[in-house]
Amino acid sequence: MKDRIANFSAGPAVLPEEVLREAQKELFNYKGLGLSVMEMSHRSKAYQEIIDDAMNRAKRIMNLGDNYDVLFLGGGASLQFLMVPMNLCPEGKVGNYINTGTWSNTAIKEIKKIGKQCHVAATSEDTNFSFIPKEFKLSENPAYLHYTTNNTISGTEFKYIPEVGDLPLIADMSSNFLSKPMDYAKHALIYAGAQKNIGPAGVTMVVIRKDMQEKFNTGLPTMLSYKTHIDKGSMFNTPPCFPIYMVGLVLKWIEDMGGLAAVEKHNIEKAGLIYNVIDNSEFYRSPVNTEDRSLMNIVFRLPSEDLEKKFVAEAAENGMSNLKGHRSVGGCRASTYNALPMTACQQLAEFMVEFEKNNK
C-alpha cells in the first residue's frame, strides 16, 4: 500500500494488508446480512460461526486437539497476571516464575498482591534482562511454572521450552505468539494479547488444556474464573466481537501463508536484515546476548541519546514510525511482528546504513 507507513510499533501493531482489505470490504455489510460485525448480536448464528472458526483455526495452527479450550477474553495479558494465580495456585502451593523482563516482573507483583506464595525460579534482572536464563530452580510444592516467551521491552526471546515434567507450564506469549512452530502442547495454559501478532487491541486469547479444570480453585468471582468462560464458550458476557472477528482473519492469513514454518522463515529473514546492520557496525550496539535476541523486538543503542532522538525523528520523516525504545529503557526498538512487510525492514536497514554514514 503506497499510502501506508512502515509501522514498527510494539503494539498495537501492524496488521496484514490482506486482512485490512477484507475487513474493509465486509465492514458495512457482512456477507450480505445487511449489517456490520460490530452491530451483530453475539448470540446470532452468524457470529457463532465467526468465533467457532477462530477457535478452530487457532487449534489447527498450533497442532492442538480437542483436549484444549480456546477462550477470547478482555482485560489484556495484564488481567491474566491475576487470573492465572487466582485459578491455579491453591493454598499450600507456590506459583513459580522465570523473571526475564518488565511483564514477567509485573506478573510476579500481581500474584503477591493477592497473598499467594511466589518463587522466582530464575531471573536475569541483575543484568537489566540482557539474557534468557538457561536453568531454573523450582520451589517445594510448585503449582506451576510461568514464563514469558518473548520480552517486548528488553528484546530477548526464549529459544527453548522449559522442561517441567508433569508440572503445569504456563506461558505469556503475547509478543511472539504464532511467530514460529513450537510444541504448544507442552503447555497447560497459554495466553496472548492480540494486539502484537494476531489482531487488534481489545481481545486476549487464552488456550487451556482441559485437564487443568480439575485444578481450578473454586469460589472465585464469576468473571475471574476460567470455568465461567469455558462453560459458556467465551460468551458469558458480550465478548469483544469485532477484535475476535479480526483475529479470525489474521489466523486465516497465517494458514494461507503456509502456516508457522513459512511465518518463521519470513520473520528470520526480516530480522536478519536489521541485525546484520547492527552486527557490522561500531555505531549501533545491541544490549542483548546474541543467542537470546528476539525476532519480534529488535532493541539497539546509538552512541548518544541525542543521536537516538535524531535517528527516530529522521526515520519518521522518511516514513518509518514508532522506532523509539520503551520509556523505561530508552534507546531504539524495531518491532518486526508477523504482519510487518519485508520491504519495511529493507527500508529501515538502508536508512540505518545511511544514517551512520552521515552521523559518525
Side-chain angles (χ1 to χ4, degrees), residues 4 7 9-31 33 35-62 68-83 103 150 152 172-179 189-208 223-224 226 228-230 232-256 263 296 322 335 337-340:
R4 283 171 59 81
N7 181 9
S9 172
V14 61
L15 286 162
E17 179 182 339
E18 297 92 330
V19 167
L20 294 173
R21 293 290 192 189
E22 182 70 12
Q24 182 184 48
K25 183 178 73 173
E26 296 181 336
L27 182 64
F28 186 69
N29 184 356
Y30 177 76
K31 298 191 184 305
L33 295 179
L35 77 171
S36 171
V37 172
M38 288 186 284
E39 303 168 295
M40 188 182 294
S41 168
H42 62 293
R43 304 296 182 190
S44 66
K45 180 184 176 187
Y47 193 76
Q48 190 65 53
E49 290 175 353
I50 288 172
I51 195 169
D52 286 347
D53 180 71
M55 290 175 178
N56 291 332
R57 286 185 189 278
K59 289 198 285 187
R60 192 160 61 234
I61 289 168
M62 289 184 278
Y68 279 83
D69 289 303
V70 174
L71 303 177
F72 294 104
L73 306 179
S78 295
L79 183 58
Q80 296 308 305
F81 299 159
L82 175 65
M83 287 185 72
W103 301 117
N150 184 83
T152 322
D172 174 1
M173 294 192 180
S174 293
S175 58
N176 70 339
F177 190 43
L178 303 187
S179 64
L189 188 149
I190 295 165
Y191 62 91
Q195 69 274 12
K196 298 178 185 296
N197 237 6
I198 60 167
V203 64
T204 303
M205 188 185 293
V206 181
V207 183
I208 308 176
M223 284 294 290
L224 296 177
Y226 287 128
T228 297
H229 303 290
I230 291 171
K232 298 297 183 180
S234 297
M235 295 281 198
F236 174 76
N237 65 323
T238 307
C241 294
F242 194 76
I244 294 170
Y245 157 75
M246 291 292 290
V247 168
L249 294 182
V250 174
L251 296 177
K252 181 180 183 298
W253 174 78
I254 288 174
E255 289 190 306
D256 290 345
V263 169
M296 299 285 97
N322 295 298
S335 294
Y337 297 124
N338 288 353
L340 186 75

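This structure is a prediction, so every number in the text was calculated from the model and none was measured. Throughout, numbering of the chain's residues begins at 1 and tracks the sequence.
For Trp103, the CH2 atom counts as loosely surrounded, since its 6.0 Å shell holds 12 or fewer non-hydrogen atoms of other residues, nucleotides or ligands.
Residues Asn197 and Asn176 have side chains that never bring a donor and an acceptor to within less than 3.5 angstrom of each other.
To the nearest 0.5 Å, atoms CE (Met173) and CE (Met205) are separated by 12.0 Å.
At distances below 3.5 Å, not a single donor-acceptor pair connects side-chain atoms of Ser234 with backbone N or O atoms of His229. Within the 3.5 Å criterion, the main-chain N or O of Val263 finds no donor-acceptor partner in the side chain of Asn338. Side chain of Ser9 to main chain of Asn322: no donor-acceptor pair is present (N/O by atom type, distance under 3.5 Å, no hydrogens or angles). A donor-acceptor pair is defined here as one N or O able to donate and one able to accept, closer than 3.5 Å; such a pair exists between the side chain of Tyr337 and the backbone of Ala10.
Applying the side-chain contact (heavy atoms from CB on, under 4.5 Å) test to Thr228 and every residue at least two apart in sequence or in another chain returns Thr222, Ser225, Phe236.
Residue Ala23 comes nearest to Tyr245 through the heavy atom pair CA-OH, 3.6 Å, listed as atom of the first residue, atom of the second, then distance. Here the closest non-hydrogen pair linking Leu249 and Val19 is O-CG2, 3.6 Å. Here the shortest heavy-atom pairing between Pro243 and Val203 reads CB-CG1, 3.7 Å. Across all their heavy atoms, Ser41 and Tyr47 have their closest contact at O-CB, 3.5 Å.
Pairs passing the salt bridge (Lys or Arg N to Asp or Glu O under 4.0 Å) check and including a residue from residues 232-254, sequence neighbours excluded, read Lys252-Asp256. Applying the salt bridge (Lys or Arg N to Asp or Glu O under 4.0 Å) definition to pairs two or more places apart or across chains, none involves residues 36-50.
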